[in-house]
Protein chains: 2
Amino acid sequence: MVKIKDIALKCGVSTATVSKALHNSSELKEETIAYICKTAKEMGYIPNASARSLKLKKTYSIGILFVDQTSSGLRHEYFSSILDSLKVAAESKGYDVTFISKNITNNNMTYLEHARYRNVDGVVIASVDFHDEQVIELVNSEIPTVTIDYIYNNSTAIMSDNTSGMEKLIHYAVSRGHKKIAFIHGEMTDVTNKRLAGFYKAMKEYNLKVNPNYVLEGRYHDPKAAGQATKKLLNSGEEIPSCIIYPDDVSLIGGETAIQQCGYKIPDDISVIGYDGVNISRILRPIITTYVQNSDALGKLAVINLIDRIENPNTFTPKIVYVEGSVQDGETVKDIF
Amino acid sequence: MVKIKDIALKCGVSTATVSKALHNSSELKEETIAYICKTAKEMGYIPNASARSLKLKKTYSIGILFVDQTSSGLRHEYFSSILDSLKVAAESKGYDVTFISKNITNNNMTYLEHARYRNVDGVVIASVDFHDEQVIELVNSEIPTVTIDYIYNNSTAIMSDNTSGMEKLIHYAVSRGHKKIAFIHGEMTDVTNKRLAGFYKAMKEYNLKVNPNYVLEGRYHDPKAAGQATKKLLNSGEEIPSCIIYPDDVSLIGGETAIQQCGYKIPDDISVIGYDGVNISRILRPIITTYVQNSDALGKLAVINLIDRIENPNTFTPKIVYVEGSVQDGETVKDIF
DNA sequence: TTGTATGCGTTATCAT
DNA sequence: ATGATAACGCATACAA
């Protein structure tokens with residue numbers, strides 16, 4: 001690998017001059033810069049990030065924290081598309097992306113230790129257990145962080161607006177004439193709480209009574225759980241709802257199967273609504289009526305805000321950025337008037 | 001950040017001794033090591049990867065190269081699950097994972113330049129245009145590489161065995177009594193060529209004639225293209241096939257819609273077979289009969305082989321590792337005897 | 001306008 | 001068994 005010293009030798013100047021030339025320093029004569037840069041390119045010079053980082057205490061790389069449990073968040077389209085947009089945004093700003101995890105080497109580092117070890121300039125935290133002590137430690141550290149879908153009081157948060165998302169769905173369902181709306185939600189996480197809040201709030205706005213038996217717990221990305229909850233709902237002896245909202249599009253598919261097994265037709269007898277707006281929701285027939293989360297914007301905004309904080313630490317104050325999605329007008333909700 | 005010097009000061013020894021202690025050098029007295037390591041931990045010492053890398057010319061990090069076009073490979077479950085398993089395997093070996101791309105900083109680096117800049121110890125190449133000059137440059141460089149689903153003659157390749165995958169599918173279809181088998185394949189890539197080879201080979205083995213009109217081109221992950229090809233097939237005036245094989249599970253869904261629109265029932269009139277075995281294939285009803293690619297094994301093997309090459313450069317010779325998947329016995333193929 | 005010298009944190013060689 | 005010191009490649013304060 002050719003280094004600054006080599007260029008200096010070839011050009012008959014000092015390493016300092018070369019370094020300055022490569023940074024387009026105004027101290028140097030135009031022609032010196034041109035000459036040095038030209039030979040540097042000819043010699044195939046590539047700076048050494050490690051050396052630079054050691055000197056500058058800055059790596060131009062950001063860490064990305066995805067949970068590293070058995071079934072990583074990466075496998076969910078919502079997160080993989082966040083990762084993708086995040087990566088693109090970071091690269092366009094000159095930052096590289098590195099995964100942060102616990103298990104680096106044998107000497108079990110914490111997230112914070114790992115981030116320090118790699119000297120990342122900041123970390124985007126997504127899809128983790130936000131109550132994990134190690135995550136909290138990281139957020140409270142000197143390392144700039146941005147969280148996705150969770151709010152700490154000292155870190156910027158990019159939020160897919162789950163409350164307004166639910167409100168929009170209820171609004172949509174009501175505008176189609178639905179009044180008996182059931183909500184099968186995911187396990188009790190913060191996201192779920194927000195959706196529940198939106199659900200109750202919107203129902204109240206329309207003066208619709210919420211039948212307590214119409215609110216059931218399923219699990220995210222678990223069609224079987226959704227199916228079970230659906231059957232429980234339909235076999236309870238209670239009047240059946242005209243519309244069921246599911247935790248996500250994948251759960252919805254499990255729900256659809258259960259509904260059909262109970263002898264009902266979609267959407268003629270029962271309408272169904274999903275959440276996420278994953279790719280498949282547009283491919284299946286009937287097209288799924290669902291709430292499309294703007295995962296592209298989430299990833300991009302996370303990076304923009306993180307880098308802004310990194311590069312302007314003085315003007316920084318924690319922000320909460322809400323990202324709105326939109327209702328996908330599919331074919332699983334029937335007009336009933 | 002506490003550094004070796006701080007520990008040395010506190011312990012009243014030299015930095016050299018601390019460094020040795022932290023590496024469990026046999027030169028040192030047991031008790032010295034114990035004492036130094038204890039205080040190091042107490043002081044919250046974390047090594048500095050940049051400094052270490054500068055000295056050792058080794059970063060304990062590997063690059064991962066995904067295409068960075070508009071629609072990144074990351075969005076396909078096949079690749080995101082490869083990435084996930086790859087990440088887990090790398091971390092368990094003490095290596096971190098960094099994305100390699102073109103656009104780092106303004107001064108458009110090539111893949112190779114980027115890899116050199118970050119001093120990654122090796123690169124896993126997946127989901128790219130393998131004819132891209134920059135990719136070829138990287139593979140031919142001094143940096144160890146492992147490719148996924150493509151073979152260069154001087155780099156280890158981890159291959160999802162597309163030929164035997166197709167053979168297994170044909171075998172499965174034939175064992176169910178099918179003879180009139182159509183194959184809608186993806187655009188003409190190397191993967192497609194392998195699948196075509198497997199298709200023709202297996203058909204020949206069973207002495208089944210391939211109707212040329214039964215082989216059509218669709219596009220990967222494009223249900224619309226699959227639907228069009230399906231309609232072309234069914235409206236050609238030709239006798240309809242009893243079974244259609246699609247480029248992937250998502251395409252299959254588009255095919256199913258087309259088949260139903262043409263007035264046929266699945267699988268009673270026409271059986272369908274997918275490829276990939278994505279999550280959704282198990283969730284939909286009917287469950288998709290498909291070839292499940294072992295993406296976990298692919299990611300893991302890529303890392304294992306890459307690290308092996310990194311750590312044992314002398315004993316290395318390029319290998320080709322074939323990873324077999326298995327037929328998922330779904331509900332979209334009918335027995336016809 | 002250019003050069004000299006130093007230090008970033010670590011490891012390794014060679015003394016002691 | 002431990003310590004002094006140089007070197008890794010780069011950027012910068014300061015000198016010339």
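Convention: sequence-line order gives letters A, B, ...; per-chain numbering from 1.
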Enquirer: Output one letter per nucleotide in nucleotides 8-16 of chain D: B when a protein non-hydrogen atom lies under 4.0 Å from the base, S when only the sugar-phosphate is that close, - when neither is.
Expert: BBBBBB---

Enquirer: Calculate the interatomic distance between Asn24(B) atom CG and dT2(D) atom P; express it in whole Å.
Expert: 14 Å

Enquirer: A cation-pi test, strictly: NZ or CZ of Lys58(A) under 6.0 Å from the centre of the six-membered ring of Tyr60(A) and no more than 45 degrees from its axis. Yes or no?
Expert: yes

Enquirer: Under a 3.5 Å cutoff, is there a donor and acceptor pairing between the side chains of Ser53(B) and Thr59(B)?
Expert: no

Enquirer: List in numerical order all residues of residues 31-38 of chain B for which some heavy atom is under 4.0 Å away from an atom belonging to DNA chain C.
Expert: none

Enquirer: Measure across Cys37(B) and Ala21(B) and return the closest heavy-atom pair with its distance rounded to 0.1 Å.
Expert: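 Nearest pair, atom of Cys37(B) first, then Ala21(B): SG-O, 3.6 Å.
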
Enquirer: Just how large is the angle between the end axes of the helix from dT1(C)-dA16(D) to dT16(C)-dA1(D), five pairs per end, to 10 degrees?
Expert: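 Between the first-five-pair axis and the last-five-pair axis there is 50°.
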
Enquirer: For Asp129(A) and Tyr150(A), test the side chains for any donor-to-acceptor distance below 3.5 angstrom and give the result as yes or no.
Expert: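 On atom types as modelled, these side chains do not qualify, holding no pair under 3.5 Å.
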
Enquirer: Could you tell me if Lys3(A) and Asn48(A) have a donor-acceptor pair between their side chains, going purely by distance under 3.5 Å?
Expert: no

Enquirer: Under 6.0 Å between ring centres, would you say that holds for Phe99(B) and Phe99(A)?
Expert: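 Judged by ring-centre distance (under 6.0 Å), Phe99(B) and Phe99(A) do meet the cut-off.
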
Enquirer: Applying the side chain to side chain donor-acceptor pair (under 3.5 Å) criterion to Asn154(B), which one of Thr317(B), Thr145(B), Asn140(B) satisfies it?
Expert: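 Among Thr317(B), Thr145(B), Asn140(B), the one meeting side chain to side chain donor-acceptor pair (under 3.5 Å) with Asn154(B) is Asn140(B).
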
Enquirer: Would you kindly say whether Tyr322(B) and Asn162(B) are connected by a side-chain donor-acceptor distance under 3.5 Å?
Expert: no

Enquirer: Classify the side-chain pair Lys57(A)/Asn119(A) by whether it contains a donor and acceptor separated by less than 3.5 Å.
Expert: no

Enquirer: Say whether Ser101(A) and Glu91(B), considering side chains only, have a donor N or O and an acceptor N or O under 3.5 Å apart.
Expert: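 Side-chain D/A pair, Ser101(A) to Glu91(B): present.
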
